[in-house]
2 protein chains.
Amino acid sequence: MKNNEIRNKLIEKGLKVTPQRMAILEAIIKLNNHPTAENIIDYIRKNHPNISTATVYKVLDALAEKGLIKKVKTEKDVMRYDAFLEKHHHLYASDSDRIEDYLDDELNEILEKHFEKKCIPGFKIEDLKLQIIGKFTDKNAPK
Amino acid sequence: MKNNEIRNKLIEKGLKVTPQRMAILEAIIKLNNHPTAENIIDYIRKNHPNISTATVYKVLDALAEKGLIKKVKTEKDVMRYDAFLEKHHHLYASDSDRIEDYLDDELNEILEKHFEKKCIPGFKIEDLKLQIIGKFTDKNAPK
DNA sequence: CTTTCTTATGAGAATGATTCTCCTTTAATA
DNA sequence: TATTAAAGGAGAATCATTCTCATAAGAAAG
Ligand SMILES: [Mn+2]
Ligand SMILES: [Mn+2]
Ligand SMILES: [Zn+2]
Ligand SMILES: [Zn+2]
């Protein structure tokens, strides 16, 4: 992803362009396995040694707020971030911190159809997230 | 739920019976909307004013470990606990902390069938949790 | 019922991811 | 280039949870 594409994403969303924001958004895109704030900070500090953790958290919130990234909850007390914006679910390793994207349009359709038919009284659905928990049998590090 | 039923649950799982454990397990069952540790502590302290927060967290972990309760993750940095042990999913309010149980055997079947047909290469599924996010349209407090 | 042994509890300190405060710097705009 | 609102930096604060370690109390045996 070129610098200018990242810059434009920020501008499109009305976010002031700063080196910190550029670096953070670029980092999440590069570190493509749902990095933590710490992962992002480590990566960025190579080229940008003085960035503050507070800034990173503030920028991450701003990017998530504007829909440029998504937050991914985990079993542990650590937030993870996702630059992949299409509707998708996640595979969670039960024996490690690995999280992988799971795309399945057929599943989305099935779910949508199911809840069209079977409304939930007193509840208006806005989003469905399927957490698929299990074990990765290929021991490859996440790409 | 009678005292003796609670006592027997502990004994069945090989947990030493203590007043603290009795009180905590009873509290989660009574406070039936996915209480936090704090909710549980507040409830218990009425009759058991000296219980320590550390004890509560340790007992909650022990009960979850033995399968007498389940932990429920939320969007916020607070764990919630569930005494309802049948397989079920959860309705999460997007505008409050309310969480309600959602039972749907048809959904479970559909999901099971889907993933039987459509295996995920390199991954062995152990559990599926559907997070249903939306708005409660009846403003009733959780029962 | 008492001893013994093991495990649980209580009080308070520590942890650690995240947020806050407050002052300084900077991007955008004219 | 000057103006101004917004963003960044440093470090303290927060707060749910965990840890430490001294004390208490179940359970099993005698
Ligand atoms: Mn924590
Ligand atoms: Mn925390
Ligand atoms: Zn993802
Ligand atoms: Zn539940």
Side-chain angles (χ1 to χ4, degrees), chain A residues 3-4 6-28 34-42 44-45 47-66 68-69 71-81 97, chain B residues 3-4 6-25 27-28 34-45 47-66 68-69 71-81 97:
Chain A
N3 256 14
N4 246 306
I6 291 174
R7 174 183 310 272
N8 286 334
K9 281 176 190 288
L10 293 172
I11 292 170
E12 270 172 40
K13 296 295 181 177
L15 289 171
K16 202 187 271 189
V17 176
T18 67
Q20 291 87 349
R21 284 173 173 175
M22 297 279 291
I24 291 166
L25 186 46
E26 192 190 356
I28 302 173
H34 308 91
T36 63
E38 200 192 359
N39 297 150
I40 293 163
I41 290 167
D42 290 348
I44 290 177
R45 288 233 168 107
N47 296 311
H48 207 300
N50 293 318
I51 196 165
S52 162
T53 58
T55 299
V56 173
Y57 281 103
K58 278 181 285 195
V59 168
L60 288 170
D61 275 355
L63 296 177
E65 181 73 25
K66 296 296 186 179
L68 289 173
I69 64 175
K71 295 185 172 193
V72 180
K73 265 283 156 190
T74 67
E75 285 306 297
K76 305 210 307 196
D77 187 18
V78 194
M79 186 66 72
R80 299 183 55 173
Y81 299 88
D97 292 336
Chain B
N3 257 13
N4 247 306
I6 290 173
R7 175 183 309 272
N8 287 334
K9 282 176 190 286
L10 293 172
I11 292 170
E12 271 172 38
K13 297 294 182 179
L15 290 171
K16 202 185 269 189
V17 175
T18 68
Q20 292 85 350
R21 285 174 173 172
M22 298 279 292
I24 290 165
L25 185 45
I28 301 173
H34 308 91
T36 63
E38 200 193 359
N39 297 150
I40 293 164
I41 290 168
D42 290 346
Y43 179 86
I44 290 178
R45 288 231 169 109
N47 296 311
H48 207 300
N50 293 318
I51 197 165
S52 162
T53 58
T55 299
V56 173
Y57 281 104
K58 277 182 285 198
V59 168
L60 288 170
D61 275 355
L63 297 176
E65 181 73 25
K66 297 294 186 180
L68 288 173
I69 63 173
K71 294 184 173 193
V72 180
K73 265 284 156 193
T74 66
E75 286 306 299
K76 305 210 306 196
D77 188 18
V78 194
M79 186 68 70
R80 301 187 46 178
Y81 299 89
D97 292 335

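Predicted model only: the values in this text are computed from it and were never measured. Each chain gets a letter, A, B and so on, in the order its sequence line appears, and its residues count up from 1.
- Taking the side chain as every heavy atom from C-beta outward, T18(B) and L10(B) never approach each other to under 4.5 Å.
- For residues 54-66 of chain B, the set of pairs meeting the side-chain hydrogen bond (donor to acceptor under 3.5 Å, both in side chains) definition, not counting sequence neighbours, comprises D61(B)-K71(B).
- Positionally, the nearest nucleotide of DNA chain C for Q20(B) lies more toward the 5' end than for the other of Q20(B) and T53(B).
- R45(A) has its CZ atom 9 Å from the P atom of dG9(D), to the nearest Å.
- Taking the side chain to side chain contact (heavy atoms under 4.5 Å, CB included) definition, one finds that R45(B) meets it with I41(B), I51(B), T53(B), sequence neighbours left out.
- Counting heavy atoms from C-beta on, the side chains of L15(B) and V59(B) never come closer than 4.5 Å.
- One can place CD1 of I51(B) at 5 Å from P of dG10(C), the figure rounded to the nearest angstrom.
- Between the R80(A) side chain and the P35(A) main chain, no donor and acceptor come within less than 3.5 Å of each other.
- Taking atom NZ of residue K66(B) and atom P of nucleotide dT7(C), one finds them 12 Å apart after rounding to whole Å.
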Report, one pair per line, the protein and nucleotides 24-28 of chain D atoms (nitrogen or oxygen only) whose separation is under 3.5 Å.
| unit_1 | atom_1 | unit_2 | atom_2 | d |
| --- | --- | --- | --- | --- |
| dG26(D) | O3' | V17(B) | O | 3.3 |
| dA27(D) | OP1 | V17(B) | N | 3.1 |

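- The nearest whole Å value for the distance from the CE atom in M79(A) to the C1' atom in dA17(C) is 10 Å.
- For A54(A), whose side chain is taken as the heavy atoms from C-beta onward, the closest listed nucleotide among dG10(C), dT18(D), dG11(D) is dG11(D).
- Put simply, CG on N50(B) is 11 Å from C1' on dA11(C), counting in whole angstrom units.
- Distance NZ (K58(B)) to P (dA11(C)): 12 Å, rounded to an integer number of Å.
- Distances shorter than 4.0 Å separate some side-chain N or O of Y57(A) from OP1 or OP2 on dT18(C).
- Between the side chain of R21(B) and the backbone N or O of K16(B) there is at least one donor-acceptor pair closer than 3.5 Å.
- The interatomic distance linking L60(B) (CG) with dT17(D) (P) rounds to 9 Å, in whole Å.
- We find that CD of E38(B) is positioned 16 Å from P of dT14(D), with the value rounded to whole Å.
- A pairwise comparison of heavy atoms in I44(B) and I24(B) identifies CD1-CG1, 3.3 Å as the closest pair.
- Listed nucleotides dT9(C), dG10(C), dA17(C) differ in distance to S52(B); the shortest reach to its side chain belongs to dG10(C).
- Of the candidates dG10(C), dT19(C), dG9(D), dG10(C) carries the atom nearest the T55(B) side chain, counting heavy atoms from C-beta on.
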